[in-house]
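All values below come from the heavy atoms of this structure, side chains included, with hydrogens, waters and symmetry mates left out. Being a predicted model, the structure only gives us computed values, none of them experimental. In what follows, chains carry the letters A, B, and so on, assigned in the order in which the sequence lines appear, proteins first and then strands, with residues in each chain numbered from 1.
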Amino acid sequence: MKTRNIMIVGVGGQGTLLTSRILGGIAIHAGYDVKLSEVHGMAQRGGSVVTFVRYGDKVEEPIVEVGQADVLIAFERLEALRYIHYLKKDGVLIVNDWRIDPITVVTGVAEYPEHILEDLEKTHTVYRVNAMEEAKKLGNSRVFNIIVLGLAAKYMDYTKEDWLTVIENTVPSKTVEINKKAFELGYSI
Amino acid sequence: MLGNEAIARGAYEAGVKVSAAYPGTPSTEISENLVQYKDSLYCEWAPNEKVATEVAIGASISGVRSMASMKHVGFNVAADPLYTAAYTGVNGGMMMVVADDPGMYSSQNEQDTRQIARAAQVPVLEPADSAEAKEFTKLAFEYSEKYDTPVILRTTTRLAHSQGLVELNERVEVEDKPYERNVGKFVMMPGNAIKRHLVVEQRMKDMAEDANDFAINRAEYNDKSIGFITSGIPYLYVKEVMPEASVLKLGCVHPLPKKLIQEFASKVDKLYIFEELEPVIEEQVKSWGIEAIGKEVFTLQGEYSSALLRKVFNLNGEEVMAPAQVPARPPILCPGCPHRSVYSVLKKMKIHAAGDIGCYTLGAVAPLSVVDTTICMGASISTLHGMEKAKGSEYIKDWVAVIGDSTFMHTGVNSLINMVYNQSHGTVMILDNSTTGMTGHQDHAATGKTLQGEEVPAINIYHLCKSIGIENVYEVNAFDIEELEKIVKRETRRDAVSVIITKSPCVLLKSNHFTKKCKPLSEKCKKCGACLKPGCPALTKAEDGTILIDETMCNGCGLCKNLCKFEAIEEVDA
């Protein structure tokens with residue numbers, strides 16, 4: 001199989017690492033070669049973070065190039081816009097319809113762009129969910145990222161059962177049930 | 001497995017018995033993963049990289065396989081023991097893992113470890129992915145024992161924090177080498193060192209000769225019109241973008257296999273050298289009279305990529321979108337971070353801070369803009385002292401040094417001793433958040449817990465400062481802004497060294513439980529913006545100018561509430 005390129009973008013602290021580990025885990029589970037690249041350290045402190053996941057028969061470099069992402073998973077609207085040029089023309093953007101103001105906006109140096117998703121929908125295939133609201137309804141706002149993952153899962157090469165198995169093996173044991181519920185919710189959108 | 005996880009696994013399989021390290025992105029996860037094998041080996045956080053390296057040297061001299069790991073700038077701290085350990089050589093195998101940070105994702109400079117290793121005359125291996133990281137780690141110990149030298153495993157951020165598939169092997173218990181007193185080898189006074197220097201030169205010559213046959217130095221001949229000499233992660237970019245090109249992949253980047261390189265160069269029409277950061281391979285190859293293209297077309301700065309190769313070789317396929325112009329999102333202090341509280345006080349008092357290395361370096365940027373300098377670990381205190389000696393004590397009345405607890409234990413304490421000894425009049429603020437925050441919460445000598453999880457007596461920073469002769473040492477809750485302001489005002493005016501220890505645990509520590517959240521009362525809000533000044537990411541302005549607090553982000557530290565003069569923010573149960 002040709003290498004598939006997935007990207008997860010968001011704001012440091014939103015749980016991109018956990019999501020990428022599930023993506024890595026499922027590729028191994030399905031018998032693919034896989035490489036992931038993450039960001040740790042200073043950049044994680046509320047900054048813009050990006051994680052690359054590549055899987056296929058044989059993967060060389062761990063980074064996704066501009067214009068090559070099959071699926072771009074964005075945990076925040078502005079971050080979707082920041083990395084949209086990585087998405088293939090026929091790729092899909094899965095986005096959490098949520099706004100977190102960067103410090104440059106809070107301090108008035110910059111303005112948060114209006115109508116980001118509406119504009120992106122004109123040029124790309126966009127699937128959106130307000131995962132934060134949905135997660136609150138489930139009783140734990142932290143699992144919003146798994147809801148987004150559930151929505152994205154429909155555009156990857158694995159079965160729902162595979163996903164649930166890998167989630168069970170990856171997340172802390174106390175949170176298995178709520179994470180599975182969150183995934184099902186996203187998957188059913 | 002992460003590259004770092006694979007290194008830890010390799011060390012375990014290689015029979016390592018002692019490991020010491022100081023956390024530093026991107027090397028930290030090596031020790032954090034090694035600790036899972038604590039039934040088979042001993043591992044620790046040392047206060048700094050020099051100590052860690054000396055621990056590894058001692059363990060090696062005693063006859064066991066040992067290692068020290070650090071980031072590139074930590075390697076500078078470790079340079080002193082390393083340069084001489086190159087002379088003594090080893091008994092049990094010894095490896096140092098040094099992680100470079102091309103692109104400076106989390107560092108203050110972009111130095112190239114290979115240059116220091118060359119200067120110190122120690123061999124360097126460089127893996128390209130997680131599988132190699134594990135295998136090269138094992139090989140490092142074999143080479144160390146064979147050539148009687150410490151061996152460096154060089155990684156980069158991209159390798160350390162990328163994951164790839166790794167096959168596991170069993171641990172091989174290596175028999176301890178017997179210890180024999182050998183003054184000529186292990187006591188480096190001039191008479192002995194002169195002789196050992198000859199040994200070092202001969203060893204590197206021997207190894208350079210053998211390197212021509214190392215399996216990890218591998219020529220892959222394909223289309224011979226273009227050949228690349230490369231190593232590490234950049235090798236993967238070559239394979240990705242130009243799989244048809246011939247490649248000489250070097251696993252051992254110091255010493256270089258001269259004959260192998262000469263042979264490769266003679267077989268390809270055009271030779272490129274594709275190495276991140278400094279032209280270490282390139283300059284040597286060119287010095288042998290071999291024609292090659294390197295830094296003429298490939299940058300000296302930042303991280304390499306496939307895109308760089310495509311650009312240089314005009315391989316861009318269909319046009320790609322240009323990045324959108326969007327507001328930057330730089331890293332910031334977390335909601336509820338005690339550093340923000342301290343900086344909000346210093347900012348109000350218009351105080352300059354000589355800064356240090358840690359999350360609190362972020363106090364340099366708007367809206368806090370308190371930190372004026374950041375050089376290296378421990379430098380806050382000594383640079384403040386230097387200013388005082390240059391300009392006099394009046395000059396630094398509106399200055400303080402700020403340093404974290406872990407950084408203070410690393411190399412801050414000796415700078416503070418210097419202030420006492422040389423009669424400085426500066427104010428040092430130790431921002432004690434009970435952990436090494438930025439690298440992801442590692443323990444240190446003042447936290448009371450070891451890497452292996454044992455509870456131990458914590459070094460008491462207050463008493464430590466007292467014991468070196470500082471009379472004015474004060475502890476204050478980082479969120480008690482009134483008290484803090486009072487103390488800072490008093491101490492910066494004092495003609496003596498003062499230490500102010502601001503205490504409040506890192507907001508991300510798992511042991512930290514938040515019971516409160518802040519909630520705006522918009523009817524009382526006067527839209528003055530006082531609460532927004534410290535730049536807490538949980539706070540934003542609503543369209544009508546009143547304040548909104550994102551309840552999923554707020555950690556209930558109460559700083560905004562304390563800054564509000566109109567009681568328009570209340571604390572509620574989380």
> Can you confirm whether H124(A) sits close enough to M321(B) that some side-chain heavy atom of one is under 4.5 Å from a side-chain heavy atom of the other?
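Yes, at least one pair of side-chain atoms sits under 4.5 Å.
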
> What part of L159(B) gets closer than 4.5 Å to chain A, counting heavy atoms only: side chain, backbone, both or neither?
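When you check distances to chain A, no heavy atom of L159(B) falls under 4.5 Å.
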
> Does CD in E167(B) sit with more than 12 non-hydrogen atoms of other residues, nucleotides or ligands closer than 6.0 Å?
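No, the 6.0 Å shell around CD holds no more than 12 heavy atoms from other groups.
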
> With chain A, which of P367(B), G529(B), P537(B) has the greatest number of heavy-atom pairs at distances under 4.5 Å?
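The answer is P367(B).
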
> Going by the rule ring-ring contact (aromatic ring centres under 6.0 Å, His included), which residues pair with Y32(A) if we only count those two or more places apart in sequence or in a different chain?
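If we apply the ring-ring contact (aromatic ring centres under 6.0 Å, His included) test to Y32(A), skipping adjacent residues, the hits are Y55(A).
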
> Once you round to the nearest 0.5 Å, how far does CZ of R329(B) lie from CG of D101(A)?
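The CG atom of D101(A) is 8.0 Å from CZ of R329(B), to the nearest 0.5 Å.
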
> Which region of L81(A), side chain (C-beta onward) or backbone (N, CA, C, O), has a non-hydrogen atom less than 4.5 Å from a non-hydrogen atom of chain B, or is it both or neither?
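For L81(A), backbone and side chain are both near chain B.
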
> If contact means a heavy atom pair closer than 4.5 Å, which residues of residues 71-79 of chain A contact chain B?
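Within residues 71-79 of chain A, the residues under 4.5 Å from chain B are E76(A), L78(A), E79(A).
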
> Please determine, among P323(B), P243(B), G164(B), the option with the most heavy-atom pairs under 4.5 Å with chain A.
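Option with the top pair count is P323(B).
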
> Need one label for Y83(A): side chain, backbone, both or neither, based on atoms under 4.5 Å from any heavy atom in chain B.
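For Y83(A), there is no contact with chain B at all, as no heavy atom is under 4.5 Å.
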
> If I measure from the heavy atoms of chain B, does V105(A) come under 4.5 Å with its side chain, its backbone, both, or neither?
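It is the side chain, since no backbone atom gets that close.
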
> When rounded to the nearest 0.5 angstrom, what distance separates CD in Q163(B) from CG in L23(A)?
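Separation between the atoms: 11.0 Å.
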
> Of E60(A), Q68(A), E61(A), which is the lone residue that meets side chain to side chain donor-acceptor pair (under 3.5 Å) with S306(B)?
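It is E61(A); the other options fail the test.
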
> Could you check T104(A), I103(A), V106(A) and say which one makes a side chain to side chain contact (heavy atoms under 4.5 Å, CB included) with I332(B)?
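Result: among T104(A), I103(A), V106(A), I103(A) is the only option passing the side chain to side chain contact (heavy atoms under 4.5 Å, CB included) with I332(B).
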
> Does any heavy atom of chain A fall under 4.5 Å from the side chain of A322(B), the backbone, both, or neither of them?
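The answer is the backbone of A322(B).
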
> Checking heavy atoms, do the side chain of P26(B), its backbone, both or neither come under 4.5 Å from chain A?
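Neither; nothing under 4.5 Å.
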
> Which atoms of I84(A) are under 4.5 Å from chain B, going by heavy atoms: the side chain, the backbone, both sets, or neither?
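Both the backbone and the side chain of I84(A) come within 4.5 Å of chain B.
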
> Less than 4.5 Å to any heavy atom of chain B: does that hold for the side chain of K88(A), its backbone, both, or neither?
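Neither the backbone nor the side chain of K88(A) comes within 4.5 Å of chain B.
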
> Is chain B contacted by the side chain of R54(A), its backbone, both, or neither, given a heavy-atom distance below 4.5 Å?
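Side chain only.
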
> Quick one: which of R310(B), Q325(B), E551(B) has the most heavy-atom pairs under 4.5 Å with chain A, could you say?
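Of the options given, most contacts go to R310(B).
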
> Is it the side chain or the backbone of E29(B) that comes within 4.5 Å of chain A heavy atoms, both, or neither?
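Only the side chain of E29(B) comes within 4.5 Å of chain A.
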
> With rounding to the nearest 0.5 angstrom, report the OH to CD distance, Y105(B) to E38(A).
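Result: 13.0 Å between the selected atoms.
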
> For the interface with chain B, which of T51(A), I28(A), T3(A), I100(A) has the highest count of heavy-atom pairs at distances below 4.5 Å?
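Between T51(A), I28(A), T3(A), I100(A), the count favours I100(A).
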
> Could you list the residues that satisfy ring-ring contact (aromatic ring centres under 6.0 Å, His included) with W98(A), not counting sequence neighbours?
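Here no residue qualifies.
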
> Checking F274(B) now: which residues fulfil ring-ring contact (aromatic ring centres under 6.0 Å, His included) with it, not counting sequence neighbours?
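Once residues adjacent in sequence are excluded, the partners of F274(B) under the ring-ring contact (aromatic ring centres under 6.0 Å, His included) criterion are F298(B), Y304(B).
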
> Would you say K541(B) has more than 12 foreign heavy atoms packed within less than 6.0 Å of its NZ?
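No, not enclosed.
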
> If you tally heavy-atom pairs under 4.5 Å against chain A, which of C337(B), A324(B), P330(B) wins?
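It is P330(B).
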
> How long is the gap from CG on D550(B) to CZ on R99(A), to the nearest 0.5 Å?
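So the CG of D550(B) and the CZ of R99(A) are separated by 11.5 Å.
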
> Sort out for me which of A27(A), S37(A), G67(A) touches chain B most, counting heavy-atom pairs under 4.5 Å.
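Among the listed options, the one with the most contacts to chain B is S37(A).
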
